[in-house]
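Written out below as structure tokens is the structure these notes cover.
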Amino acid sequence: MVNKKLNIHHLSTKLAIINLIVIALCIIYSSILDYLPYFSDNTIYQGAFATFWFDGLGYFTNQTNLLILVVTILYLTAYKTKLFDNGQLVFLSAVYITLTALLCWAVLVPITIAYSTAIINISMSINIATMHLVTPTLFIVFAFFQYRHQSLYGVKAKFKYKKQLLIGVIYPVVYVVYLITINFISLPISMFRDGCFPPQGYVSIYAVATNFNPQCFVPSFKNGSTIPTYTDYSGSLVFLVVPFLFIAFSIGIICLYVYVTNRIFYPKQIKNV
């Protein structure tokens with residue numbers, strides 16, 4: 001049985017506390033960047049509402065960072081429960097936050113730079129680095145020592161490929177369905193921020209990369225301009241390949257985590273996986 005006492009001096013506990021503080025500060029900083037502009041005009045309700053749903057919760061980045069924040073809080077407050085007996089919750093959270101980091105640096109940042117679909121300044125660069133590098137790295141390190149802690153106490157928490165794939169792929173598939181459907185639903189114009197969303201009300205969560213609707217135009221900031229235009233990049237069904245690549249990438253990360261975790265922490269049980 002795993003040791004049910006949460007030892008404040010244990011390394012995994014210290015890492016959880018560091019995670020909690022850093023993730024909370026990063027989310028607060030990101031929220032300030034998103035919502036502060038609306039306190040200076042009369043669009044705080046409409047602008048904040050749109051930002052919350054489509055610039056906030058709409059992003060996989062924000063969802064996964066909120067997830068690891070919740071998991072960290074649960075670890076520190078509900079460690080004695082069955083939530084952490086088999087490592088499943090920490091495993092899935094580590095997979096999803098890894099997806100956030102890898103997809104950002106391998107796909108989204110290059111696309112953003114190539115198509116000029118966002119203004120990259122110092123504050124935005126800090127936000128990207130913290131939410132896509134700092135918090136993922138800290139949580140992955142925490143997960144590593146959490147598995148090490150369990151293995152030291154003889155917990156048989158080996159992961160099976162089939163089970164982890166069936167459970168782990170649910171969230172990415174649901175998110176892909178959201179990305180596609182939201183791109184073809186015309187929402188009330190009054191819900192959107194002026195200058196940031198196309199006037200017809202369609203939403204592409206990740207600009208060009210997830211714009212499948214020919215009637216949806218994503219913003220473009222060219223030649224250093226801070227005023228976006230929507231005439232350069234319209235959607236195409238060709239980009240539907242992106243969601244399927246996302247799912248395939250998710251499957252690959254899940255399999256990698258199963259292999260690495262079992263190999264490092266439960267080598268004697270691998271033949272039974």
Side-chain angles (χ1 to χ4, degrees), residues 6-36 48 51-81 83-84 86-109 112 118 120-150 168 170-172 174-175 178 205-206 246 249-250 253-254 256-257 260-261:
L6 185 65
N7 188 346
I8 192 66
H9 300 293
H10 195 277
L11 183 56
S12 61
T13 305
K14 294 179 180 179
L15 287 171
I17 295 173
I18 294 174
N19 264 278
L20 177 62
I21 295 173
V22 173
I23 297 169
L25 289 176
C26 289
I27 291 177
I28 292 172
Y29 177 76
S30 179
S31 299
I32 291 174
L33 288 182
D34 283 338
Y35 297 108
L36 189 60
T51 299
F52 177 76
W53 287 109
F54 306 115
D55 263 5
L57 290 182
Y59 288 123
F60 192 77
T61 294
N62 294 343
Q63 291 181 16
T64 52
N65 273 277
L66 284 173
L67 173 63
I68 62 175
L69 176 64
V70 171
V71 170
T72 304
I73 293 173
L74 288 175
Y75 180 82
L76 293 172
T77 59
Y79 180 70
K80 294 182 179 181
T81 67
L83 283 172
F84 297 95
N86 59 8
Q88 184 73 260
L89 186 60
V90 174
F91 177 91
L92 293 177
S93 300
V95 166
Y96 299 144
I97 199 65
T98 300
L99 281 170
T100 293
L102 293 181
L103 290 174
C104 170
W105 299 108
V107 179
L108 295 178
V109 169
T112 299
I120 305 297
N121 49 33
I122 295 178
S123 60
M124 182 61 68
S125 299
I126 294 174
N127 186 40
I128 292 174
T130 54
M131 299 287 278
H132 301 87
L133 181 61
V134 177
T135 57
T137 301
L138 285 174
F139 190 83
I140 291 170
V141 172
F142 159 72
F144 177 89
F145 283 98
Q146 165 62 7
Y147 292 138
R148 179 177 178 274
H149 176 67
Q150 287 188 323
I170 292 175
Y171 177 28
V174 171
Y175 188 73
Y178 165 73
I205 300 299
Y206 286 102
F246 171 67
F249 197 66
S250 302
I253 295 297
I254 293 171
L256 178 63
Y257 263 79
V260 172
T261 304

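Small disclaimer: the values here were computed from a predicted structure and weren't measured.
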Evaluation steps, ring-ring contact (aromatic ring centres under 6.0 Å, His included), between Phe246 and Phe249: CA-CA 5 Å; Phe246 171 67; Phe249 197 66; 8.3 Å; no

Might you point out which heavy atoms bring [X] and [Y] nearest each other, and give the distance in Å?
X: Ala101; Y: His132; result: CB-O, 3.2 Å
X: Ser93; Y: Val71; result: OG-CG2, 3.2 Å
X: Phe145; Y: Leu11; result: CE2-CD2, 3.2 Å
X: Tyr178; Y: Gly58; result: OH-CA, 3.6 Å
X: Asn65; Y: Met131; result: ND2-O, 3.2 Å
X: Pro172; Y: Tyr96; result: CD-CE2, 3.9 Å

Counterpart residues, side chain to side chain contact (heavy atoms under 4.5 Å, CB included), relative to Val260 (two or more places apart): Leu256, Ile264

[atom1]/[X] to [atom2]/[Y] distance, rounded to the nearest 0.5 angstrom?
X: Thr130; Y: Asn127; atom1: OG1; atom2: CG; value: 5.0 Å
X: Ile128; Y: Ser30; atom1: CD1; atom2: OG; value: 10.0 Å
X: Leu20; Y: Phe142; atom1: CG; atom2: CZ; value: 10.5 Å
X: Phe139; Y: Phe144; atom1: CZ; atom2: CZ; value: 14.5 Å
X: Ile253; Y: Leu102; atom1: CD1; atom2: CG; value: 5.0 Å
X: Thr72; Y: Leu138; atom1: OG1; atom2: CG; value: 9.5 Å

Whether Tyr171 side chain and Leu92 backbone form a donor-acceptor pair below 3.5 Å: no

Between Tyr206 and Phe60, ring centroids under 6.0 Å: no

Flag for Tyr75-Gln146: side-chain donor and acceptor within less than 3.5 Å: yes

Donor on one side chain, acceptor on other, Thr64 and Thr100, under 3.5 Å: yes

Would you check if [X] and [Y] make a side-chain contact, meaning some heavy-atom pair closer than 4.5 Å?
X: Leu99; Y: Ser250; result: yes
X: Ile23; Y: Ile68; result: yes
X: Leu57; Y: Asn62; result: no
X: Val134; Y: Val22; result: yes
X: Thr61; Y: Cys104; result: no

Thr137 and Ile140: CA distance, side-chain angles, deciding distance, side-chain contact (heavy atoms from CB on, under 4.5 Å) verdict: CA-CA 5 Å; Thr137 301; Ile140 291 170; 5.9 Å; no

